[in-house]
Amino acid sequence: MKHYEVEILDAKTKDKLCFLDKVEPNATIGEIKSMFHKSHPQWYPARQSIRLDPKGKSLKDEDVLQHLPVGTTATFYFRDLGAQISWVTVFLTEYTGPLVLYLMFYFRVPFIYAPKYDFTTSKHWVVHLACMCHSFHFVKRLLETLFVHRFSHGTMPLRNIFKNCTYYWGFAAWMAYYINHPLYTPPIYGEQQIRLALILFLFCQIGNFSIHIALRNLRPPGSKTRKIPYPTKNPFTWIFLLVSCPNYTYELGSWLGFTLMTQCLPVAFFTLVGFIQMTVWAKGKHRSYLKEFRDYPPLRSPILPFIL
Amino acid sequence: MSAAAPGTTKPVHGDVAAKKKKGPGALATAYLVIYNVVMTAGWLVIAVGLVRAYLARGSYHGLYYSIEKPLKFFQTGAILEILHCAVGIVPSSVVLTGFQVMSRVFLTWAVTHSVREVQSEDSVLLFVTAWTITEIIRYSFYTFSLLNHLPYLIKWARYTFFFALYPMGVTGELLTIYAALPYVQKTGLYSVTLPNKYNFSFDYHSFLILIMISYIPLFPQLYFHMIRQRKKVLGHVEDYSKVE
């Protein structure tokens, strides 16, 4: 078996950073990253970007050396992706914030509202309902992060956690402030409005969860394969016929329900901003599906059936 | 902020990569030339208006009123520049340009126009003067660049005057916002209080204070960006004087 020689150069300075000899032809990029990490302990594999070309795309961990367009002396270029943090850590942190913050406003912890309201409870039952729904939503997200989702990338840049937490925590505090305010005004159409909103919210929570389970089942444990999602026996997944990212569709629905339930403008803003971001993600995902799969169902839209 | 959008210097840097990018077509170029000529003229009108009013009155006081309408018209007109970026006929960032233009529009309408009491403040004259000189230079810079005939003097002015004009404009803006605070608080201008059916509140007074605070991180960034641009553009005089 002929062994390869691998040299790794810095993508910017072209300095020789590492030379590996006697590398097996069936070694993966992931294994090469581990070897590189040994000689440069500060660059753990998650922050290494290895490419064939200094300005090219990153090679995948699963790529096999002998299947790459390289000679028996392979030259790779390295770029430092910066400090990385695991997706799980980011998700857990960004979701725990809203859960805890909202409850602080709900229980009217001191220094938020006027002192005479400290530790009092709202007299409107919709406020209690809203707290249950909001808390349920984030507990669901935390549990899904721990037990349901299968992440294709292990990590993201460290700075993302500050950006993401500012967004989630900031909006949660802003919404919670008004909903739990002593001067809160309940929905105009009262019980009818709240009931409709609750039904929409619950429907979309179940829908969103169904999609997450369906997506998880597409991917065997530990794998990073990508397949086209299709409707399953669960009616909540039949929306796959019309939409590429129904998890986002249902998420939008949940927040529309919450907006209707609380009749609170900051909640509407949060829903709008979230919708814009999810649309960007859905369009990207939709485009990748189209690029990767020739037989991708043409009827599907990224996030809203027939519309967007 | 009083300085021009830093990103919009791209067409004239002359570095090879920027030149190879798909520029505006002939129609778009014609339109942009007209736009920039009109804007140059507009701000010249404001400049002349200020000088004439000063000579007539013999004092700096209350000159705002003599140029109020053209100022509003031409500063608001700059919103078109956001569109130019969005459509792609100007290779600048929509976000950056949007931010720059909207901050000017905010000061013009949401502060100076809205709070009558600050209109006679000298700080208004300070930023209006800074804006006027800056814009005359900036728009003539673009005009000449589009016609591929940029006199070095204009380029030099654009990347040198900002040293003084930028701080001058920022000072005028901050002093004006500060002067507006007591009136905004007293009248509750643009503010919404609880309770209301949208469960929303907004305190314009606090918002203005936040805006003032935001100058602290933003102004140095923009200022140093212009300084870096100056080194790039004026640093290689031999390469550029003929290329434009």
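Protein chains get the first letters and strands the later ones, always in sequence-line order, with residue 1 at the start of each.
Within a 6.0 Å radius of OH in B/Tyr178, no more than 12 heavy atoms belonging to other residues, nucleotides or ligands are found. A 6.0 Å sphere centred on CZ of B/Phe202 holds more than 12 heavy atoms belonging to other residues, nucleotides or ligands. Around OH of B/Tyr198, the count of heavy atoms belonging to other residues, nucleotides or ligands within 6.0 Å does not exceed 12. Annotation for A/Trp169: atom CH2 does not count as buried by contact number, only 12 or fewer foreign heavy atoms lying within 6.0 Å. Heavy atoms from other residues, nucleotides or ligands lying under 6.0 Å from CZ of B/Phe73 number 12 at most.
Judged purely by atom type and a 3.5 angstrom limit, A/Tyr178 uses its side chain to pair as donor or acceptor with the backbone of B/Ser201. Proximity of a side-chain donor or acceptor of A/Gln263 to a complementary backbone N or O of B/Lys197 within less than 3.5 Å is detected.
Contact record, A/Thr262 with B/Asn199: O-ND2, 3.6 Å, taken as the closest heavy-atom pair. The two atoms that bring A/Thr185 and B/Asn196 nearest to each other are OG1-O, 3.1 Å, heavy atoms only.
Taking 4.5 Å as the limit, every side-chain heavy atom of B/Phe200 sits out of range of all side-chain heavy atoms of A/Cys264.
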